[in-house]
Amino acid sequence: MPLTLNALSELTGLASEHVLREEVEETGTPPETILSKMAERLAVMREAIRRGLASDAPSVAGLVGKNAKTLWEAPDPLKDPLLKRVQAYAMAVNEENARMGRIVAAPTAGSAGTLPGALLGVADHLGLPDERLLMPLILAAGVAKMISRVIHIAGASGGCQAEIGSSAAMAAAAVTELLGGSPEAAAHAAALALQNTLGLVCDPVGGFVEVPCVMRNGFYAVHAVSAASMALAGIRSVIPPDEVVLAMAGIGRLLPLELRETGLGGLADTPTGRRLAEEALRRGQPQEPPS
């Protein structure tokens, strides 16, 4: 039987080892090849963070582009380098996406910053080497695979809960394993992260993956770390993890079309949202040559 979050929570050892074993059995790909490909993806995540933190170039629609750099270079009034790092890393990746830079969809482009923001942010905060991140990334991919068996991971299918919720669940599980958590803790970290995104709509202004997407990744990267912290302390989701996924899928099917990535509702349908969309579209129009 394919792995589910409930089944994963009942296993021993590293959760990622079970995910890797299933992938090898299903695809016939040697584990060394899978790990090598994951190392390549990790390198792309690293480079996206580096570029994003250094750049204030505008995005395609001009709605974002300097948020990550601004936060990274700003004074830290909370004196909390982990919080700031996680947020800035996540936004850096999504602003690179908004500039049409190279990123890793994790699991989608619009939610690409949450996993690297949380996992790489925690690792860098603790001074952990990148080789320690490969198996947690395998686990994160496995969590996405388990969710995708229940609902398509896309804002058009289930609202932003299907995208940022899935990415938060992936990140929470990965951080939990990185910090020594059991499969049970990792599965429940994923559930805790996912259940607190239920009902989140997909309302990109102008249809661009910029507002509120960039900042949303910053928030939910921190959310994922919080879920991991709770799970590592022994807190468990009252609703079993698989049932949380089913609830997300059911809610997604109930969301009206306007709240599923169409740019017709939510923030996209505010007066300012409509104005910004019109301005962005005008900027993208070819200019008439002078007569």
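- Although no hydrogens or angles enter the test, the distance criterion places no donor-acceptor pair under 3.5 Å between the side chain of H188 and the main chain of I235.
- Counting only heavy atoms from C-beta outward, the side chains of I138 and L134 never approach each other to under 4.5 Å.
- Put simply, V209 and L115 are part of two different groups of oily side chains (I, L, V, M, F, W, Y) that touch within less than 4.5 Å, one to the next.
- Rounding to the nearest 0.5 angstrom, the gap separating the OG atom in S16 from the CE atom in M135 is 3.0 Å.
- Side-chain contact check for E258 versus D269: every heavy-atom pair is 4.5 Å or farther apart.
- Salt-bridge annotation for E279 and R275: present, with a side-chain N of the basic residue lying under 4.0 Å from a carboxylate O of the acidic one.
- L71 approaches Q87 most closely through the heavy-atom pair CD2-CB, 3.7 Å.
- In terms of modelled atom types and a separation under 3.5 Å, the side chain of S55 and the main chain of R51 share no donor-acceptor contact.
- The closest donor-acceptor contact from the side chain of H18 to the backbone of T12 lies under 3.5 Å.
- Considering every non-hydrogen atom in both A190 and A172, the closest pair reads N-CB, 4.2 Å.
- At distances below 3.5 Å, not a single donor-acceptor pair connects side-chain atoms of E261 with backbone N or O atoms of A154.
- With sequence neighbours left out, the salt bridge (Lys or Arg N to Asp or Glu O under 4.0 Å) criterion links E177 to no other residue.
- Between M248 and S166, some side-chain heavy-atom pair lies under the 4.5 Å cut-off.
- Between atom CG of residue L139 and atom CG of residue L119 there is a gap of 10.0 Å, rounded to the nearest 0.5 Å.
- Contact annotation: the side chain of P212 approaches that of R216 to within less than 4.5 Å [non-hydrogen atoms, C-beta and beyond].
- Between the S229 side chain and the V225 main chain, no donor and acceptor come within less than 3.5 Å of each other.
- Between the D242 side chain and the L5 main chain, a donor and an acceptor come within less than 3.5 Å of each other.
- A heavy-atom distance below 4.5 Å is found between the side chains of R132 and L178.
- With N97 contributing its side chain and V93 its backbone, the two residues share no donor-acceptor pair below 3.5 Å.
- Ion pairing of R50 with E47 is present here, as a side-chain N (NZ or NE/NH1/NH2) and a carboxylate O approach within less than 4.0 Å.
- At a threshold of 4.5 Å between non-hydrogen side-chain atoms, the residues D130 and R46 count as touching.
- Between L198 and Q161, the shortest heavy-atom contact is CA-OE1, 3.4 Å.
- Among residues at least two apart or in separate chains, salt bridge (Lys or Arg N to Asp or Glu O under 4.0 Å) pairs with a member in residues 59-80 are D56-K69.
- Between the D203 side chain and the L267 main chain, a donor and an acceptor come within less than 3.5 Å of each other.
- Atom CZ of R102 is surrounded by 12 or fewer heavy atoms from other residues, nucleotides or ligands within 6.0 Å.
- Here the side chains of R41 and L137 are not in contact, with every heavy-atom distance at 4.5 Å or above.
- Under a hydrophobic clustering in which Ile, Leu, Val, Met, Phe, Trp and Tyr are joined whenever their side-chain heavy atoms come within less than 4.5 Å, directly or via other members, V244 and I164 fall into different clusters.
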Problem - Criterion salt bridge (charged side-chain N to carboxylate O under 4.0 Å, His left out) on E96 and R99, from CA distance to verdict - result: CA-CA 5 Å; E96 276 300 292; R99 297 187 192 97; 2.7 Å; yes
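- Hydrophobic clustering, with ILVMFWY side chains joined whenever heavy atoms are under 4.5 angstrom apart, groups V205 together with M91.
- The hydrophobic cluster containing V64 does not contain M100, counting ILVMFWY residues as joined when their side-chain heavy atoms lie under 4.5 angstrom apart, directly or transitively.
- Side-chain atoms of E23 do not come within 3.5 Å of backbone N or O of I34 as any donor-acceptor pair.
- Rounding to the nearest 0.5 Å places SG of C202 at 10.0 Å from CG of L255.
- When atom types are taken as modelled, the side chain of S36 and the backbone of E32 share no donor-acceptor pair closer than 3.5 angstrom.
- Counting non-hydrogen atoms of neighbouring residues, nucleotides and ligands closer than 6.0 angstrom, the CE atom of M230 reaches no more than 12 such neighbours.
- Taking CD from E22 and CG from L8, the interatomic distance works out to 9.5 Å, rounded to the nearest 0.5 Å.
- Residues L3 and M146 have side chains in contact (heavy-atom distance under 4.5 Å, counting atoms from C-beta outward).
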